[in-house]
Chemist: 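Following this message is one structure expressed as structure tokens.
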Protein chains: 2
Amino acid sequence: MPQTAAPAVKKPSRIQLRNRRKILDAALDVFSQHGFRGATLDQIAETAGLSKPNMLYYFDSKEAIHVELLNALMAEWLAPLEEMHPDGAPLDELLGYITRKMEMSRTYPRESRLFANEIIQGAPRILPDLNQRLKPLFDEKCALIRTWMAAGKLAPMDPGQLLFSIWAITQHYADFDAQVQVLMPDADAAWESARHHVDTLFRKLLTP
Amino acid sequence: MPQTAAPAVKKPSRIQLRNRRKILDAALDVFSQHGFRGATLDQIAETAGLSKPNMLYYFDSKEAIHVELLNALMAEWLAPLEEMHPDGAPLDELLGYITRKMEMSRTYPRESRLFANEIIQGAPRILPDLNQRLKPLFDEKCALIRTWMAAGKLAPMDPGQLLFSIWAITQHYADFDAQVQVLMPDADAAWESARHHVDTLFRKLLTP
DNA sequence: TCGTGGCTTGACCAAATGGTAAAAAACATC
DNA sequence: GATGTTTTTTACCATTTGGTCAAGCCACGA
């Protein structure tokens with residue numbers, strides 16, 4: 001018996017890794033800007049610098065690319081919430097989470113818009129993930145926040161609504177960037193101001 | 001000289017009014033769910049209960065329908081903000097505005113998603129409106145809020161960031177409804193809870 | 001250096017898409 | 001009921017779209 005089981009699929013070559021990465025990056029561009037149905041394979045292929053048939057050599061279909069993107073995204077999206085630990089100082093844990101989410105909006109706006117597009121359009125392809133991965137984590141963290149509030153460490157409120165508020169505000173800066181840029185033309189200053197505002201807002205809200 | 005100038009276009013017939021309304025309503029359904037590029041004329045026509053050529057008898061093109069929707073929407077969208085008056089009690093004026101926005105999210109979720117889709121996708125068709133209609137109103141109301149804060153009637157903060165937070169949270173319930181429904185299955189209870197949470201949040205934030 | 005298997009391409013396809021032209025039907029008005 | 005106007009339909013078109021296929025290329029290990 002071999003020490004390690006033979007891999008079901010051979011390990012991908014350098015070329016495969018490179019091209020799959022190029023395709024996913026291009027697809028993120030296009031899907032996040034136009035949504036699933038508004039995106040075209042030709043546009044993704046051109047952005048990736050590959051021919052369309054070549055692209056379909058690496059992915060079975062348009063939907064396969066989209067699903068792969070969403071799966072990867074879901075993990076990255078949950079990570080900051082998972083890092084909120086029961087044994088830290090409650091206010092610091094929550095404000096830390098908020099800061100992490102703000103930085104994600106700044107660093108990965110395309111991912112944020114991809115997710116927003118999918119949800120706005122009724123989450124047709126990510127609904128199972130929402131139920132199986134997000135829901136349990138959401139319930140767990142709600143329970144945790146509730147114990148913190150019961151212990152008088154945080155101002156009492158509905159933990160679910162609190163998380164909604166956090167998500168709404170932090171993602172707004174990525175998703176509605178076009179609007180923010182019109183209303184606050186100096187992007188760098190706007191971001192600095194936003195960081196400070198969001199931290200202050202939730203600090204005031206959460207302090208008992 | 002006639003008392004009233006002859007109208008450039010004859011007043012629309014009952015049939016025209018009815019069919020244009022049916023088309024715009026169907027288009028709102030489809031555009032808000034799939035975005036501009038993801039929506040198809042066939043789908044809009046079928047939803048409206050008209051043939052595609054018949055629909056194109058009332059509107060010149062797909063883009064014409066979309067633009068008409070966005071124009072009408074912009075007015076409705078600005079109205080609640082315009083109603084925030086300088087001579088009212090500052091806290092009541094702002095909380096009233098927030099309540100109005102929450103009710104709009106509840107009553108017109110399709111309109112909210114139409115707007116969200118357009119902005120997420122870079123506002124290609126509504127950018128002029130954003131600059132010419134939203135920006136002046138935004139600046140005016142920011143100035144008003146600033147005077148209220150300077151007078152000690154409200155806790156001091158960046159008024160622009162405050163408005164962003166209001167928009168983000170209130171629209172979240174319409175735009176991310178699919179996610180909210182997964183995490184809070186009882187929709188009616190969720191809305192009641194949301195109303196209370198949002199009012200409490202901003203009351204606490206704004207009280208000096 | 002020579003196969004050989006992974007990678008790439010050009011040509012192609014059926015269906016869908018935005019849109020048009022003209023005739024037919026419905027309607028209003030006299 | 002004749003007449004002109006508005007509305008609707010039928011048939012159609014060029015382009016785009018997601019996807020296939022067979023043949024060719026090329027990198028790399030023997």
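Per chain, numbering begins at 1; letters A, B, ... match sequence-line order. Note that this is a predicted model, so its numbers are computed, not measured.
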Chemist: Do the side chains of B/Q33 and B/R110 get nearer than 4.5 Å, heavy atoms only?
Modeler: no
Chemist: Can you give me the closest heavy-atom contact between B/H85 and B/E93, atom names plus distance?
Modeler: N-OE1, 2.8 Å
Chemist: For the pair made of CD in B/Q43 and C1' in D/dT17, what is the distance, rounded to whole Å?
Modeler: 16 Å
Chemist: B/N54 CG to D/dT6 P: how many Å, rounded?
Modeler: 15 Å
Chemist: Rounded to the nearest Å, what distance is computed from the CD1 atom of residue A/I65 to the P atom of nucleotide D/dG18?
Modeler: 10 Å
Chemist: With the threshold set at 4.0 Å, does a side-chain nitrogen-carboxylate oxygen contact exist between B/D199 and B/R100?
Modeler: no
Chemist: Any chance the rings of B/F138 and B/F164 have centres within less than 6.0 Å?
Modeler: yes
Chemist: Does the side chain of A/F31 reach to within under 4.5 Å of the side chain of A/R113, using non-hydrogen atoms?
Modeler: no
Chemist: Give me the bend of the helix from C/dT1-D/dA30 to C/dC30-D/dG1, using the axes of the five pairs at each end, rounded to 10°.
Modeler: 10°
Chemist: Remember a base hit wins even if backbone is also touched, and classify A/Y58 as base, sugar-phosphate or nothing at under 4.0 Å, heavy atoms.
Modeler: sugar-phosphate
Chemist: Shorter than 3.5 Å, N or O on both sides, protein versus nucleotides 18-22 of chain C: list them out with atom names.
Modeler:
residue	atom	partner	partner atom	Å
C/dG18	OP1	B/A39	O	3.2
C/dG18	OP1	B/K62	NZ	3.0
C/dG18	OP2	B/L41	N	2.7
C/dG18	N7	B/K52	NZ	2.9
C/dG19	OP2	B/K62	N	2.9

Chemist: Could you give the CZ-to-C1' distance, from B/R20 to D/dT6, as a whole number of Å?
Modeler: 15 Å
Chemist: Would you kindly give the OH-to-P distance between A/Y57 and C/dG10, to the nearest whole Å?
Modeler: 17 Å
Chemist: Tell me whether A/E46 at atom CD has more than 12 heavy atoms from other residues, nucleotides or ligands lying less than 6.0 Å away.
Modeler: no
Chemist: Let me know the distance between CD1 of A/I44 and P of D/dG18, rounded to the nearest Å.
Modeler: 8 Å
Chemist: If we only count heavy atoms from C-beta on, is the A/H196 to B/Q161 side-chain gap below 4.5 Å?
Modeler: no
Chemist: Between B/Q16 and D/dT7, does any side-chain N or O lie under 4.0 Å from OP1 or OP2?
Modeler: yes
Chemist: C/dT8, OP1 or OP2 - any side-chain N/O from A/S51 closer than 4.0 Å?
Modeler: no
Chemist: Hydrogens and angles aside, do B/D175 and B/S112 bring a side-chain donor and acceptor to less than 3.5 Å of each other?
Modeler: yes
Chemist: Could you tell me how far apart A/N19 (CG) and C/dG6 (C1') are, to the nearest whole angstrom?
Modeler: 12 Å
Chemist: In whole angstroms, how far is the C1' atom of D/dT7 from the CZ atom of B/R18?
Modeler: 10 Å
Chemist: Have B/S193 and A/D158 got a donor and an acceptor in their side chains that come within less than 3.5 Å?
Modeler: yes
